[in-house]
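Report on one structure; see the data block that follows.
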Amino acid sequence: MARILITSAIPYINGIKHLGNLVGSQLPADLYARYCRARGHEVMFICATDEHGTPAELAAAKAGKPVAEYCAEMHEVQAELARGFRLSFDHFGRSSSARNHALTQHFARRLAENGFIEVVTERQFFSIADNRFLPDRYIEGTCPNCGYEKARGDQCENCTKQLDPTDLINPRSAISGSTELELRETRHLYLRQRALKDEIEAWIDSKTDWPILTTSIAKKWLHDGDGLQDRGITRDLSWGVPAQFPGAPWEGMEGKVFYVWFDAPIEYIAGTAEWADAKGLDDAAWRRWWRLDEGAEDVRYVQFMGKDNVPFHTLSFPATIMGSREPWKLVDYIKSFNYLNYDGGQFSTSQGRGVFMDQALSILPADYWRWWLLSHAPESADSEFTWENFQVSVNKDLADVLGNFVSRITKFCRSKFGEALPEGGEIGAAERALIEDLERRVRAYEAHMEAIEIRKAATELRAIWAAGNEYLQSAAPWSVFKTDPERAAAIVRLGLNLVRLYAVLSEPFIPDAAAAMMKAMRSDDWAWPGAIADALSALHPGHEFETPDVLFRKISDEEREEWQHRFAGRRD
RNA sequence: GGCUAGGUAGCUCAGCUGGUUAGAGCACAUGACUCAUAAUCAUGGGGUCGGCGGUUCAAGUCCGCCCCUAGCCA
């Protein structure tokens with residue numbers, strides 16, 4: 001029994017996420033959370049929507065809604081999809097919550113008191129028509145290098161030259177198109193990451209067990225070029241956590257908010273506080289997960305994220321926590337993922353390319369997606385979704401190997417013995433060999449799950465399913481029954497017990513099918529298997545069961561072709 | 001251009017600190033079985049481990065150079 005804190009990178013609010021986003025953080029985090037719970041650990045699994053920043057404001061404007069209203073609606077949409085995929089968050093919070101406002105301001109104040117915040121004066125474009133300062137990306141103009149007319153303030157997409165907004169010829173607002181721009185002086189808060197660099201580096205160096213993807217990205221940012229840079233943590237926006245607040249150790253930040261990347265990871269903590277609020281619990285209930293001086297010293301904290309989020313979680317957020325000089329819990333293990341590509345290209349939210357969460361659920365149940373995505377998780381390299389691979393994998397693994405096993409054993413028993421575990425017969429050499437094999441495989445499965453080696457765990461689970469078919473095939477109760485019904489009864493009894501065992505083992509990957517298997521066995525015994533021999537005698541002779549409907553129907557070639565066609569183009 | 005991660009059977013991928021004839025799943029072929037979602041099980045064919053050099057008794061595994069892919073940064 002341990003206490004495990006799990007967070008998934010929080011999805012941005014402006015739209016529905018695609019399957020690449022899902023498999024990069026939320027889904028593997030859910031797998032791990034479910035496994036930890038199944039092993040009897042105390043788990044706190046937190047996710048949220050990331051709601052601040054310019055893209056949210058622009059998306060709201062496009063939808064013709066106040067940004068707060070837009071975010072509230074989109075949060076509910078994402079929450080519903082999370083439920084649809086059976087993501088078992090203890091709380092799905094919002095970075096715009098009062099809890100996050102308070103904590104973000106708290107951290108900023110502590111950082112300033114410890115000398116890690118610097119006020120920097122810089123010159124930035126102000127749009128009179130839009131009545132706001134414009135971030136680099138929201139200024140367009142003609143590229144001084146190649147003459148491209150729609151170059152952005154940070155980079156020219158045509159010639160890829162890095163630009164400063166002041167380099168642009170005929171600059172204009174990307175929001176309104178207005179050319180009434182003027183350079184104004186503005187002041188921003190900077191997080192002095194350079195002052196914390198040695199501390200962060202020593203911490204990273206101590207994490208020798210992290211995935212190479214995680215540490216290599218962190219070290220790159222620590223050493224690349226001039227090394228870790230100070231980072232602006234405020235922006236000229238209205239939607240966000242106000243940078244000027246009562247008790248702030250600085251002045252003149254009116255009209256500015258904290259940068260979304262400063263407040264977003266703090267939402268992990270705030271989200272846990274929101275959980276306590278929702279449960280009617282006091283502050284101690286969430287602080288025992290996060291404060292080393294209030295009970296969190298025995299917590300293991302694991303984060304899940306795509307590789308694009310690694311710098312913020314290995315450098316910026318730790319800098320925030322370390323710089324507070326307060327005993328907040330730092331992450332113990334970061335599991336990061338590469339990208340999932342779609343049929344020869346990239347998934348793309350902006351281009352609407354690929355399969356999005358709502359579309360996926362509209363054509364197949366969550367378990368199909370969960371199984372394919374997790375068994376193909378981009379752990380060591382980018383991986384690729386193709387409809388052919390999806391169809392073949394799902395049909396073979398779920399329908400043929402697992403689903404058909406449940407079908408054949410339950411239907412055989414029903415036709416020869418009725419819908420109850422038959423009595424009589426003894427365990428023999430074949431059963432002992434199976435048990436020995438499963439003993440080894442289940443322990444290997446546990447080891448992979450504990451190491452969060454998702455593909456390996458999926459491979460082992462599949463082998464465990466296949467072991468049932470191998471056993472049945474060689475034990476051949478349909479032949480034995482003709483001459484020795486008691487012996488056949490012993491085989492069938494073991495086979496039906498396998499169904500319950502499979503439900504327990506498979507639940508983290510395919511929770512709905514696992515529940516269906518357990519229900520078919522008319523059991524509610526989800527105890528994780530100790531000795532396999534015991535686990536396979538949990539259901540006793542005479543125990544009644546139901547022959548379930550087909551667990552997984554197969555994907556036909558026609559369906560595959562239709563989906564392939566339907567999702568080839570753009571969304572919307 | 002620099003950096004990072006990759007380039008292993010038709011496909012998707014395992015291969016820790018170098019060590020017996022390089023592995024798995026799918027696909028393919030053959031056979032077995034007929035309880036089952038025409039499912040299952042067994043056996044087999046198939047790879048100069050991106051290329052060229054080097055270190056070593058021994059390299060997919062270390063070193064150098066080159067080619068290709070993805071991403072990050074200039």
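Only a predicted model underlies this, so the values are computations on that prediction, with no experimental measurement involved. Residue numbers begin at 1 in each chain, while the letters A, B, ... track the order of the sequences.
- Between A:Lys396 atom NZ and B:C11 atom P there is a gap of 20 Å when expressed in whole angstrom units.
- Of the C1' atoms belonging to B:C13 and B:A58, the separation is 27 Å, rounded to the nearest Å.
- Per the geometry, CG belonging to A:Leu315 stands 15 Å off C1' belonging to B:C73, to the nearest Å.
- When the C1' atom is compared between B:U61 and B:G54, the two are found 16 Å apart, to the nearest whole Å.
- Annotation: B:G25 and B:U40 have their C1' atoms spaced 16 Å apart (nearest Å).
- Taking a pair to require two hydrogen-bonding distances under 3.5 Å in either a Watson-Crick or a G-U wobble arrangement, B:A5 pairs with B:U69.
- Applying the side-chain contact (heavy atoms from CB on, under 4.5 Å) rule to A:Asn469 yields the partners A:Val401, A:Phe405, A:Arg408; only residues at least two apart in sequence or on another chain are considered.
- With ring centers used as reference points, A:Trp372 lies 6.0 Å or more from A:Trp387.
- The partner of B:U17 is absent, by the rule that a Watson-Crick or G-U pair needs both atom distances under 3.5 Å.
- Base pairing analysis places B:U43 opposite B:A29; the two distances defining the Watson-Crick or G-U wobble pair are each below 3.5 Å.
- On the C1' atoms, B:U55 is 23 Å away from B:G15, given to the nearest whole Å.
- One C1' atom belongs to B:C57, the other to B:G31, and the distance between them is 45 Å to the nearest Å.
- Using the Watson-Crick or G-U wobble rule with both distances under 3.5 Å, B:A36 pairs with nothing in any strand shown.
- Look at the C1' atom in both B:C41 and B:A36: the space between them is 13 Å, to the nearest Å.
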Per-nucleotide protein contact along nucleotides 29-38 of chain B, 5' to 3', at a 4.0 Å heavy-atom cut-off (B base, S sugar-phosphate only, - neither), is ----SSBBB-

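- Going from the C1' atom of B:A59 to that of B:G46 covers 24 Å, rounded to whole Å.
- Of the nucleotides present, none pairs with B:U56 by Watson-Crick or G-U wobble criteria with both distances under 3.5 Å.
- Nucleotides B:G60 and B:G7 place their C1' atoms 12 Å apart, quoted to the nearest Å.
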